[in-house]
Amino acid sequence: MYIMTDISGKKPRRVTLKMIAEQTGFTINTVSHALNGKSDISARTTEIIKRKAQEMGYINDMTASALRSGFTKTIALILPNVANPFWAVLIKGINLELYRAGYTSLIMDTDENSHLEYRAVQSAISRKVDGIIICPNQLDTKAIQLIEKHRIPYIFLGRKFEDFPANYVIWDDENGGFLATSYLLSLGKRKILFLNGPRHISSSAERFRGYCRALASYQIPYDPALVAETTISAAGDNNDLLQILKQDLDFDAIFAFSDFIAWEIMVLLPKLKQVDISQIPIIGFDDIQSDLRLPLPFTTIGADKTLEVRQVVQSLLKIIKDPDSDTCYQIIMPTHLVFHNQPEGWAAPH
DNA sequence: GATGAACCTGCACCGATACT
DNA sequence: AGTATCGGTGCAGGTTCATC
């Protein structure tokens, strides 16, 4: 390791291109080009410079690089709740995909809070990120307007706005809601409690649409008393879910907005009511278990997350590469039923 | 000597901040 | 208020060398 000192001989200084240039006899530019693998530098020169850089312990100064090039090779990942394993799984996949493309990520949690979302976007802009992947809270559009104002390439993940065109990768939530509800109906259940997320969120609205469509296909009248909205933020406790379950509702099956909520219900319900939980089928949404491999018997709605992650990263990188392109990336991932660890002899209904 | 490719260099510039 | 500084890069242009 090469430790440089200043004139007073006190402070260690980081190795710069200038120092490598002095050591090798080439100019700063040649050193820069060689280290960046530019084709206009001979293999022999590149080899000499790279060896010296390694010997001196050179690490590229990203802020200086960004100053001139305008690119930081950083993508902001602004998500509503990183404590939810669903998002943790997606973060892991996105990180890997970004790493392969030579990018690093800046992860920020908004907790479904507008103020935090706005602050996260401000922070991303101040750090000159090259692009933003955001799952908007949809309470307002201030943060999105800020991104637009600064002309930062971005893409929505998981949610979309109906009223303005933007790039997004989402699940087919309407179909997911339909499949989940149809599955419970196929078991002979007729009073399906739908514990949805807040209706201002596009995925909640779509899943509700699917729920209604499934009821209609079985000619079952829609009962508003059997649809409730619950908090989905990380900071929120189980309070509103608790209040809903405490009510004297007459239901024989539950469709939960997410696996996370479904698991909470599985814990809370036996504590609150004298019910045999095995007689009340519960279906979740997100298919976390495919990634976490928990031994729970569980039914849920899933989609190809590996493909989803690839689609969102590759689309954003294309937007960054060609920001003036008219191409709009609006990708809807197909959803399907997933059955985990069902008892022996059990068969999924058709 | 003309030509062109390969290789390398010099200038200008990025934005925030310290200094004059 | 104006200037210098930090480290790195885009671009234009200069030098060298091989080939005809």
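Values below: all heavy atoms of this structure, side chains included; hydrogens, waters and symmetry mates excluded. Here the structure is a predicted model, which is why all the values come from computation and not from measurement. Chain letters run A, B, ... following the sequence lines, proteins first, then strands; residues in each count from 1.
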Roughly how many Å is it from [atom1] in [X] to [atom2] in [N], rounded to a whole number?
{"X": "Ile59(A)", "N": "dG8(C)", "atom1": "CD1", "atom2": "P", "value": "11 Å"}
{"X": "Asn60(A)", "N": "dC6(C)", "atom1": "CG", "atom2": "C1'", "value": "14 Å"}
{"X": "Leu17(A)", "N": "dC6(C)", "atom1": "CG", "atom2": "P", "value": "14 Å"}

Any ion pair linking Lys305(A) and Asp291(A) (charged N to carboxylate O, less than 4.0 Å)? yes
Could Glu206(A) and Arg209(A) be called an ion pair, given the rule that one side-chain N must be under 4.0 Å from one carboxylate O? yes
Sequence neighbours left out, what passes side chain to side chain contact (heavy atoms under 4.5 Å, CB included) with Ala253(A)? Give chain and number order. Leu184(A), Lys189(A), Ile192(A), Pro281(A)
Give me the bend of the helix from dG1(B)-dC20(C) to dT20(B)-dA1(C), using the axes of the five pairs at each end, rounded to 10°. 50°
Pairs involving residues 69-92 of chain A, ordered by first then second residue, that meet ring pair (Phe, Tyr, Trp, His ring centres under 6.0 Å) (sequence neighbours left out): Phe86(A)-Trp171(A)
Using the ring pair (Phe, Tyr, Trp, His ring centres under 6.0 Å) rule, collect all pairs that involve residues 194-225 of chain A, keeping only residues at least two apart or in two chains. Phe194(A)-Tyr211(A), Phe194(A)-Phe255(A), Phe208(A)-Tyr222(A)
For Val267(A), which fellow cluster members are found when Ile, Leu, Val, Met, Phe, Trp and Tyr are connected by side-chain heavy-atom distances below 4.5 angstrom, either directly or through intermediates? none
Members other than Tyr168(A) in its cluster, when Ile, Leu, Val, Met, Phe, Trp, Tyr link by side-chain heavy atoms under 4.5 Å? Ile78(A), Leu106(A), Met108(A), Tyr118(A), Val121(A), Ile125(A), Val129(A), Ile132(A), Ile134(A), Ile144(A), Leu146(A), Ile147(A), Ile152(A), Tyr154(A), Phe156(A), Phe161(A), Phe164(A), Ile170(A), Ile332(A)
Answer with base, sugar-phosphate or nothing: what part of the nucleic acid does Phe71(A) contact at a heavy-atom distance below 4.0 Å? nothing
Give one of base, sugar-phosphate or nothing for Lys128(A), where a contact means two heavy atoms less than 4.0 Å apart. nothing
Can you give one letter per nucleotide of nucleotides 6-14 of chain B, going 5' to 3': B for a protein heavy atom under 4.0 Å from the base, S for sugar-phosphate only, - for none? -BBBBBBBB
Is there a side-chain contact between Ser32(A) and the phosphate of dT9(C), meaning an N or O under 4.0 Å from OP1 or OP2? yes
Can you see if the side chain of Lys38(A) gets near the phosphate of dT9(C) - specifically, an N or O under 4.0 Å from OP1 or OP2? no
Enumerate the protein-to-nucleotides 13-18 of chain C contacts in which both atoms are nitrogen or oxygen and the separation is below 3.5 Å.
none

Listed partners of [X] passing salt bridge (charged side-chain N to carboxylate O under 4.0 Å, His left out), at least two apart:
{"X": "Arg159(A)", "answer": "Glu112(A)"}
{"X": "Arg68(A)", "answer": "none"}
{"X": "Arg151(A)", "answer": "Asp324(A)"}

Sorted by chain and number, sequence neighbours left out, side-chain hydrogen bond (donor to acceptor under 3.5 Å, both in side chains) with Asn113(A) holds for none
